[in-house]
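The structure under discussion appears below in the form of structure tokens.
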Amino acid sequence: MLTCAILDDYQGVGPTMADWSGLTDRITLRDLRTTFATQDALVDAIGDCEIVVMMRERTPFPAELFARLPKLRLLLTSGLRNLSIDLAAAKAHGVTVCGTASHPEPPVELTWALILGLARHLVPEVQALRTGGPWQSSVGSDLAGRRLGLLGLGKTGARVARIGQAFGMEVSAWSQNLTAERAAAEGVALAPSLEALLEASDIVSIHLVLGARTRGLVDDAALRRMRPEAFLINTSRAAIVDEAALLAALTENRIAGAGLDVYETEPLPPNSPWRTLPNVLATPHLGYVTERNYRTYFPEIVEDISAFLDGVPIRVLG
């Protein structure tokens, strides 16, 4: 009997979001809901496991971790891309890595929840209503006629653009690889540069893949080009934005606010300023956390495990 651990199952839904009954005579399932502060603690928890299930990029798997898990044979991740896994190290240690399908719509929907929540000051207004505070204490920002600037126009960015257009917004986009033809196909204006997009946009929303060219892309200089009344939205990857520079911009009120779903350290420490800044609408990395995604991830994880145990692994990464 092999042991399979599910990591970072915050809601404790892994065992119930799929039918594991076909594997009960082949694996013992261990559902781990808490995070591990150190790699030593993680190794203590899963060192005896032949199979480990990752939830997206919540727990990184660098080369040194594979070296400390000699029993590991199969690593599974939700989604078909996980930059926190060292695939070369996995291969060198004889570990097969498999993924699952994922749906692009949930992060799009959360992006708009953040935009609308900031524009209409929903958090302070709801809190005031619940606590007997002032009735209507703020004036909302209109979306119609404003400019939405998108960093990235891939699967997610294009969907965000269409919703912006439905609200009557002018939409522009920029990325290193974006062409005028691709932008035109989505009815979006191609910004001539990152700087031009930041200067012209009322809302800037990030939808880029994290890589060498995008890490730290939105730095202090970039943030200083944004309008004082502009909002920054990041449901992509925290490292695309210089967190210290963003914290300074928000603390000094150089931009109107930020909607954030991703952070350099997750879960956020209890004393993190992202929990308390009044001009930040922060969510705990909920972008992909929906029932439809989970009911795709876990059944396909069960399929991946079964196929691997049968000697014909599927959805292999790397």
Side-chain angles (χ1 to χ4, degrees), residues 2-9 14 17-18 20 23 26-27 29-30 32 35-36 39 42-43 45-104 106-107 152 154-156 175-177 207-215 217 236-240 262 264 266 285 287-289 293-318:
L2 304 180
T3 301
C4 172
I6 302 176
L7 291 178
D8 301 311
D9 184 11
M17 284 285 184
W20 295 80
L23 293 173
R26 307 175 82 178
I27 67 169
L29 193 61
R30 181 182 301 164
L32 302 173
T35 57
F36 298 95
Q39 192 177 95
L42 175 63
V43 171
I46 65 172
D48 62 333
C49 297
E50 292 86 4
I51 304 170
V52 171
V53 178
M54 298 176 62
M55 285 303 298
R56 302 299 296 144
E57 297 168 357
R58 292 175 183 172
T59 295
F61 262 70
E64 62 268 22
L65 181 55
F66 285 102
R68 300 184 65 184
L69 298 172
K71 294 191 69 174
L72 183 62
R73 289 294 171 262
L74 175 63
L75 180 64
L76 305 118
T77 176
S78 53
L80 290 172
R81 175 191 291 148
N82 191 323
L83 297 178
S84 72
I85 301 174
D86 188 324
L87 292 174
K91 183 176 181 180
H93 286 87
V95 178
T96 299
V97 181
C98 299
T100 74
S102 185
H103 302 286
K155 288 191 299 183
T156 302
S175 73
Q176 289 98 332
N177 299 323
H207 305 286
L208 295 168
V209 174
L210 178 62
R213 292 193 301 171
T214 59
R215 185 177 296 274
L217 179 69
S236 183
R237 291 293 182 269
I240 295 171
V262 288
E264 288 184 4
E266 296 184 11
H285 207 154
Y288 59 87
V289 182
N293 257 342
Y294 274 35
R295 291 200 181 279
T296 298
Y297 294 162
F298 288 107
E300 292 197 3
I301 283 168
V302 170
E303 292 174 3
D304 288 349
I305 294 172
S306 181
F308 175 80
L309 295 178
D310 290 340
V312 284
I314 57 176
R315 293 187 280 265
V316 177
L317 307 185

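Residue indices begin at 1 and follow the sequence shown.
Among the candidates L76, N82, I6, the single residue satisfying the side-chain contact (heavy atoms from CB on, under 4.5 Å) test with M54 is N82. Checked against L7 for a side-chain contact (heavy atoms from CB on, under 4.5 Å), the options I46, T77, T35 give a single hit: I46.
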Problem set entry | K91 vs F66, side chain to side chain contact (heavy atoms under 4.5 Å, CB included): CA-CA, chis, key distance, verdict | CA-CA 10 Å; K91 183 176 181 180; F66 285 102; over 6 Å; no
Exercise. Stepwise, does the side chain to side chain contact (heavy atoms under 4.5 Å, CB included) test hold for H93 with L72?
Worked result: CA-CA 9 Å; H93 286 87; L72 183 62; over 6 Å; no
For this session: For side chain to side chain contact (heavy atoms under 4.5 Å, CB included), just list the numbers for V95 and L69, CA-CA rounded to whole Å, side-chain angles, deciding distance to a tenth of an Å, and then say yes or no.
Result: CA-CA 10 Å; V95 178; L69 298 172; over 6 Å; no
Problem set entry | Verdict with supporting geometry, F61 and S84, side chain to side chain contact (heavy atoms under 4.5 Å, CB included) | CA-CA 6 Å; F61 262 70; S84 72; 5.7 Å; no
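Formation of a donor-acceptor pair under 3.5 Å by the T96 side chain with backbone atoms of L74 is not found in this model. Side-chain N or O atoms of W20 include none that pairs as donor or acceptor with a backbone N or O of I27 at under 3.5 Å. Between the side chain of T214 and the main chain of G211, a donor-acceptor pair closer than 3.5 Å is present. Panel note: side chain T296, backbone A101; no donor-acceptor pair is recorded below 3.5 Å. Not one N or O on the side chain of E266 forms a donor-acceptor pair closer than 3.5 Å with the backbone of H285.
Rounding to the nearest 0.5 Å places CG of L80 at 10.0 Å from SG of C98. Separation of atoms CG (D86) and CD (E64) is listed at 8.5 Å; rounding is to 0.5 Å. The distance from atom OG of S306 to atom CZ of R26, rounded to the nearest 0.5 Å, is 5.0 Å. Atom CZ of R237 and atom CG of L210 lie 7.5 Å apart (nearest 0.5 Å). With rounding to the nearest 0.5 angstrom, the CZ atom of R56 is 8.5 Å from the CG atom of N293. Between the CD atom of E300 and the CZ atom of R295 there is a distance of 14.0 Å, given to the nearest 0.5 Å.
Partners of V97 by side chain to side chain contact (heavy atoms under 4.5 Å, CB included), not counting sequence neighbours, listed by chain and number: L75, I85, L87, A90, L317. Under the rule for a side chain to side chain contact (heavy atoms under 4.5 Å, CB included), the partners of R30 that lie at least two apart in sequence or sit in another chain are T3, A5, L32, D48, C49. Remark: R58 engages Y288, Y294 in a side-chain hydrogen bond (donor to acceptor under 3.5 Å, both in side chains) (not counting sequence neighbours).
The two residues P70 and A67 come nearest to each other via the heavy atoms CD-O, 4.5 Å. Smallest separation of non-hydrogen atoms from F308 and R73: CZ-O, 3.8 Å. The heavy-atom pair separating A18 from V302 by the smallest distance is CB-CG2, 3.9 Å. In plain terms, the two heavy atoms of D304 and G99 that are nearest each other are OD2-O, 2.6 Å. Pairing each heavy atom of I314 with each of A307, the nearest pair is CG1-CB, 3.9 Å.
For the pair R81/V209, a side-chain contact is recorded, criterion being any heavy-atom separation below 4.5 Å from C-beta on.
Atom CZ of R68 has more than 12 neighbouring heavy atoms from other residues, nucleotides or ligands inside a 6.0 Å radius.
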